[in-house]
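To keep things clear, I will list the structure first and then write my remarks on it.
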Amino acid sequence: MGCGATKSNELQAALLIQRWYRQYVARLEMRRRCTWHIFQSIEYAGEQDQIKLYNFFGYLMDHFTPANSERNLISHIFRENEICRDIEWERYFCYKNIEVPELYSGPHLSFPLTVSNVADLVEAFKNKQQLHTRYVLQLLLESWKLLRMLPNINQVSTCQTKEITICGDLHGHLEDLLLVFYKNGMPSVEKSYVFNGDFVDRGKDSIEILLILFAFMLLYPNNVHLNRGNHEDYIVNLRYGFTKEVLGKYRLHGKKILKLLQKIFSWLPLATVIDQKVLILHGGISDTTDLNIIAQADRHKVKSTSFLLIVDMLWSDPMPQDGCIPNEVRGGGCYWGPDVTEKVLRRHNLQLLIRSHECKQEGYEFCHNRKVLTIFSASNYYEVGSNRGAYIRLGPDLVPHFIQYQANRSTRELTLRQSVGETERSALRALREQLFAHKSDLLYAFQDYDTDNTGWISLKHWATAVEAVLRLGLPWRVLRSQLVTTTQDGMLDYQGWLRELPITEPKTESLLETMYKQRSNLETIFRIIDSDHSGLISFEEFRQTWKLLSSHLKMEISDEAILDMAVSIDFNKDGSIDINEFMEAFRLVDRTMNLPSEPNHTKTDE
Amino acid sequence: MEEENKEAVISEIHRRIAEAFNVFDNESSKSVDVREVGTIIRSLGCFPSEAELHEMIAEVEEEEPTGYIRFEKFLPAMTKVLMERKFRPIPKDVLIQAFEVLDQEKKGYLEAEELKKYMTQEGEPFSQDEVEEMLSAALDNKENVIFYKDLVSKMTFEDL
């Protein structure tokens, strides 16, 4: 029993274990990165759909004629979008008749707001209380009055306020905003903030975030600056959850609140410039960006002459190559390169562009030779554990300092393996939904490779076919083992695999698939039609909607097929379609928005 | 026929390597941070030691190291690795034997401190972070020890 021999055995054993474990960690890291890519590409593809929806509405506006039988539906859709004169708006939003009952235990606000009002508000939201409608309307009205007076581009100077804190997308993540306030201090005369858009949608506390930001803005108008994001837009809100949230929390007056917000969003400034050197805006720039032109625009008008310039500011993304090309992935704005950054910065004598709009794993990221900085403040954006949030502190030297964080303490305690697992499951589920939505196209693609009609194709061909159909730019060979579990000798029974993709077997397959693909658009349109927000639409409305959408998509759908579908979806056979039931048919009801119905409970904060 | 097959195999290998590489190439710049190369190589099914990894990196680095590895140089080197089946996986039973060597008393498990000592003092030592991460994944919560046979089963992926 030589000591030497044992020692060398131990060494060998340790080496082996280390070698194995490092490989395991690397595999996990790869999976984590892929998961990230999955979420990102699906998110952007969704935004592309969103812009298509805009185009659809544009198409509707341009094409309807009095003789058109869908006229009622269209005017129904657009009645809500009529622009009234300001006096009418003030009357419509009069809060004075709304009484605050004695039972109400939430915060009381007085105007003009005081520091303790706002502190109470933050505290109340921390304790999950809700602000009464009366105060909401009052607060929003005051905010609107202020915003109307602001220029398109806020000019801020560090000599007044020394240090400025800049936050990116918050997306309804109240926890993150509270975390930022906790770490950095709340806004005050000594502590200036710039909030760079996308305050709402996706997270569950969007209205609370808005109310807090507006309250601070009213309290410290020279120190709190809000930039508009692409999600400060009522049509985007219909799709991404803000509308649902407000209607759920304010059942009586939610509609009014949303209408007021529609107006307010259009009045949000488009950018902030610090010391005439640092430009902050939500999306980005394009080669035609000219701040002088933008400064002159009527930002609140839906079709202002600078409409496209404004879309660029809110929707664009940077790219590594030189040039400026349309942003096909998002469907709006552009991709701009380092040469465009140079050009625009030089044109206006600027030294740095700070923007948000894209989720970053570390909460922030530089690009274009550190001339462009992305800041994102919603941690765990895609899923618990997916990313950190961050904010920037900028002093008179204009050198950005970053502070990162991650809400939800338990995620930090999860092992790498566990947090990858959660997020990955979610991503793969979303990916399978995408695959299902393209079932027919995938079948055709697979059959193309299966020239002998054996029912089997190689995994190599599977990967190529899937990318050709889905065009998400994902590493399919890396993901393969997660998506394809039964293979024989490197070959796949593709029909079996397609059948295994989850979700119920449809009767009229291609119609349902298309509906499934268009489900977000459909839901958005349904909610617009459902103007009394009852959650129900009639068969006829359903049929007309689908017809309109399918003609826009250049598809052939027979009336019978639609009616059959409608009947089968009418689960309680009362001649109307419950939107939620409809979406449930695709298992898409947002689980996080399961608001309890309280028929016997007197709501005191309405 | 042989030639055609070989070409097809190589082109598929190229695509696999490109996919893995692109996952870490955030800016589509056809290069990745040198610190990610180990992850890429391992994710393709290889089990290099740290020393072997450094050798490979030295091969694919620029003459004057920039901190980035270009795809152009990475692809041929990685193709060779895969074609020659270098850095083969460690069979389960060999791995378990390795644990058994460390488990001198043949208890069937290792104490946290035992494993920590070996991993940070022997072989190609783990950093503090690495060993903490390993322990948090490996430790059986109730007994507070590492049942290595279970661990090996839990953490073995299917070969690509």
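Numbers restart at 1 for each chain; the letters A, B, ... are given by sequence-line order, proteins then strands.
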The reported gap from CZ in B:Phe99 to CH2 in A:Trp20 (rounded to nearest 0.5 angstrom) is 4.5 Å

If you count heavy-atom pairs under 4.5 Å between each of A:Cys34, A:Ala13, A:Pro318, A:Ala463 and chain B, which one has the most?
A:Ala13

Here the pair of heavy atoms bringing A:Arg22 nearest to B:Pro125 is NH2-O, 3.0 Å

Check the surroundings of atom CG in B:Asp93: do more than 12 heavy atoms from other residues, nucleotides or ligands lie under 6.0 Å from it?
yes

Okay, A:Leu459 and chain B: the region with an atom under 4.5 Å from a heavy atom over there is neither

Looking only at B:Leu102, B:Asn22, B:Leu95, B:Val94, most heavy-atom pairs under 4.5 Å shared with chain A are made by B:Leu95

Checked A:Leu16, A:Ile17, A:Leu15 vs chain B; the most non-hydrogen pairs under 4.5 Å come from A:Ile17

Given a strict heavy-atom distance threshold of 4.5 Å, which part of B:Glu100 is in contact with chain A: side chain, backbone, both, or neither?
neither

For A:Glu10 and B:Gln104: C-alpha separation, side-chain torsions, deciding distance, then whether side-chain contact (heavy atoms from CB on, under 4.5 Å) applies.
CA-CA 10 Å; A:Glu10 282 178 7; B:Gln104 294 175 349; 2.5 Å; yes

To the nearest 0.5 Å, what is the distance between CZ (B:Phe24) and CE (A:Met30)?
5.0 Å

If you take all heavy atoms of B:Arg16 and A:Arg477, which pair is closest and at what distance?
CG-CD, 3.8 Å

Intermediate values then yes/no, side-chain contact (heavy atoms from CB on, under 4.5 Å), B:Arg42 and A:Glu29:
CA-CA 10 Å; B:Arg42 287 176 167 132; A:Glu29 178 60 23; over 6 Å; no

Hey, what's the ring geometry for A:Tyr21 with B:Phe126, parallel, tilted or perpendicular (30° and 60° as the breaks)?
tilted

Interface moiety of B:Glu130 toward chain A, non-hydrogen atoms closer than 4.5 Å
both

Given a strict heavy-atom distance threshold of 4.5 Å, which part of B:Gln97 is in contact with chain A: side chain, backbone, both, or neither?
neither

Using only atom types and a distance under 3.5 Å, with no angle test, would you say the side chain of A:Gln18 pairs donor to acceptor with the backbone of B:Gly123?
no

Selection from B:Glu124, B:Glu50, B:Gln121 maximising heavy-atom pairs under 4.5 Å formed with chain A
B:Glu124

A:Gln23 CD to B:Ile41 CD1 distance, which is reported to the nearest 0.5 Å
11.0 Å

Short question: side chain of A:Arg19, backbone of B:Ser49 - any donor-acceptor pair under 3.5 Å?
no

What part of B:Phe87 is in contact with chain A, defined as an atom under 4.5 angstrom from a non-hydrogen atom: side chain, backbone, both or neither?
neither

At what distance, to the nearest 0.5 angstrom, does CD1 of B:Ile40 lie from CZ of A:Arg33?
9.0 Å

